[in-house]
Structures are given as structure tokens and as C-alpha cells.
Amino acid sequence: MKVLIVEDERDVCEAIALSLRFQWPEVQIVVAEDGMEGVKAGHLPDVDLVLLDIMLPGLDGFSVLREIRRTSAVPVVVLTARGDELDKVRGLELGADDYVTKPFSHLELLARVKAVLRRAEAPLVGLDQLRRYADDYLTIDFAAHEVRVRGQPVYFTPTEFNLLWQLAKNAGHIVPHRILLARVWGEEYESEADYLRVYVRRLREKIEPDPNTPRYILTERGLGYRFRRGE
Ligand code: CA
């Protein structure tokens, strides 16, 4: 496994490296000390995970994330300052898979990293029931992980794709918030409503003709979300 750490503070880098090596003695670690280096290294094809600090000299972590996401679905965990809810939400909006607030403990970091890797590799459960969804506007090939809107391919991260899958395979039924969080992110995320809100918005921006008046992913207020098949 190869992990990229984008962080300008040497002691934070060393603490992270120590934690990762404790869990995965064979891990390869690449460090980028500023944003530009981070963008370059983030495009390396063999990176399995990126730990990305937001406060970086030059290009900040949000810009690095945006650049990486142009071409790569690599799992990204952002490191944010404690209590900064806006940073957390913004990171998720830009395509981060998770976040850890500084200062974090060894166990917190490992728990998040493991959860993110698990999600990136999780197979779609129940694929046999629904391998493909298609209407005049939207096509989803679940087996091939391909989404097309008006015939044009749209790029999805593994977490986005899994959320779409959970909704589509239960088309016509409300899927409660808690269930979506547990199935897509993991049991320990059942109360992280922010993740779901941000990701549903991202799915809508990608597949809805008008994200503000959704036609596929409907909000069932206070209950959950429901996927509605198109005509
Ligand atoms: Ca920093």
C-alpha cells in the first residue's frame, strides 16, 4: 500500500507515518510538503490513499483536492482544524471521503483510514438484482461502475457510486438516513448526517436535470431519501 501525506508540519507527518507503519508495517509513504507537490503526487497512479492537510503553504488543501478529483477517485482524508465545521463540509463537497480534526489521536486516525479503505474496496452487495438502470436521460451500469447522463459519462467516486447504488436498488422505497449512513460509510457513521446531506447534493448535481428540483433522488423529510425511476 502507498500513502501520500500532504502536510507541511514535519511532526504531524511523522506522527501519521508512525501510526500507519504500526498498522501496516509494509506501507510506503510519500510526503508532499506543499500544495503544488501534493497535486503532482496526487496524480500518481499507484497511490492508494491521500491524507491531505487543509492549511498548506501556497496552494491550500481545498485546491489540491479539487485538482486531484479532476482525474482521480483515490480515497482522500482531509485534516482540518478542530471545530471548523465549514472546512469539514467544504472538504466533503469537494470530494473528500472523510476528515480528521487536528489534533487527532493515533486510534482516531487509524479508524478513519480503515473505514475509508474499506469503503473504497467494498463490493456492491446484491448486484445480481439490479445490474443496470436506464431511462431516456440517465443510464447506470452498476457492474461496470459507469454512469451516463444524456449519453455522456459522468465521473463518480466509490462512495458516491455506492450511495447511488443503495438508493437505486431500493427504488420506490424510502431508505432511512441511518441505514444509508451505515451501509455506505459504516456502522460508526450512523449519526453523521452531514455526510449524507453533502453527498446527496453531489449526486443531484451530477445526475439531476435540475438539482434544486430533483426528479430521481427525492427527499423524504425527516425520514430519508427515495430513488424514483424516470419515465
Ligand atoms: Ca499545515
Side-chain angles (χ1 to χ4, degrees), residues 1-120 155 157-160 185-186 188-189 191-199 201-202:
M1 179 165 78
K2 188 187 257 190
V3 178
L4 166 65
I5 307 173
V6 188
E7 166 65 276
D8 56 315
E9 290 159 79
R10 291 257 164 96
D11 48 343
V12 177
C13 271
E14 277 165 25
I16 294 173
L18 211 63
S19 289
L20 295 175
R21 289 207 177 96
F22 172 82
Q23 183 68 36
W24 297 280
E26 305 290 305
V27 69
Q28 263 184 284
I29 292 171
V30 181
V31 174
E33 292 189 353
D34 64 45
M36 289 309 292
E37 260 186 72
V39 169
K40 260 188 253 163
H43 290 297
L44 295 175
D46 55 346
V47 169
D48 299 295
L49 173 73
V50 179
L51 297 172
L52 173 62
D53 188 32
I54 294 301
M55 298 288 281
L56 292 168
L59 209 56
D60 72 7
F62 295 124
S63 311
V64 175
L65 180 56
R66 196 179 293 120
E67 286 304 317
I68 291 176
R69 277 288 172 261
R70 284 187 207 282
T71 60
S72 169
V74 64
V76 176
V77 176
V78 293
L79 314 175
T80 68
R82 180 156 310 278
D84 206 331
E85 286 295 300
L86 275 181
D87 274 7
K88 165 188 150 185
V89 169
R90 196 160 165 223
L92 294 173
E93 281 172 354
L94 288 173
D97 294 89
D98 213 334
Y99 72 97
V100 183
T101 43
K102 288 180 173 183
F104 43 80
S105 72
H106 167 72
L107 289 177
E108 277 169 14
L109 178 72
L110 285 182
R112 292 276 147 133
V113 166
K114 283 187 205 164
V116 163
L117 292 174
R118 184 186 66 215
R119 293 202 292 271
Y155 158 84
T157 68
T159 304
E160 290 166 357
W185 283 269
E188 66 273 38
Y189 288 79
S191 55
E192 300 274 7
D194 277 350
Y195 286 71
L196 194 52
R197 211 170 45 238
V198 168
Y199 270 77
R201 190 160 69 225
R202 271 168 48 197

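Note that ligands are numbered from 1 as they come in the structure, with each ligand's atoms numbered from 1 the same way. One-based numbering along the sequence shown. Note that the structure is predicted; figures quoted are calculated from it, not measured.
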To the Ca ion (ligand 1), the closest N, O or S atom belonging to Glu9 is OE2
For residues 35-44, pull every pair meeting side-chain hydrogen bond (donor to acceptor under 3.5 Å, both in side chains), keeping only residues two or more places apart or in separate chains. His43-Thr71
If you round to 10 degrees, what value do you get for the angle at the Ca ion (ligand 1) between Asp53 atom OD2 and Asp8 atom OD1? 110°
Give a yes/no verdict on a cation-pi contact between Arg112 and Phe104, requiring under 6.0 Å between NZ or CZ and the six-membered ring centre and an angle within 45° of the axis. no
By atom name, which N, O or S atom of Glu7 is the nearest to the Ca ion (ligand 1)? OE1
Side-chain polar contacts of residues 3-11 - donor-acceptor pairs under 3.5 angstrom, sequence neighbours left out - could you list them?
unit_1: Glu7; atom_1: OE1; unit_2: Glu9; atom_2: N; d: 3.0
unit_1: Glu7; atom_1: OE2; unit_2: Lys102; atom_2: NZ; d: 2.8
unit_1: Glu9; atom_1: OE2; unit_2: Lys102; atom_2: NZ; d: 3.1
unit_1: Arg10; atom_1: NE; unit_2: Glu33; atom_2: OE2; d: 2.8
unit_1: Arg10; atom_1: NH2; unit_2: Glu33; atom_2: OE1; d: 3.3
unit_1: Arg10; atom_1: NH2; unit_2: Glu33; atom_2: OE2; d: 3.0

Treating Tyr155 as the side-chain partner and Ala73 as the backbone partner, does any N or O pair qualify as donor plus acceptor under 3.5 Å? yes
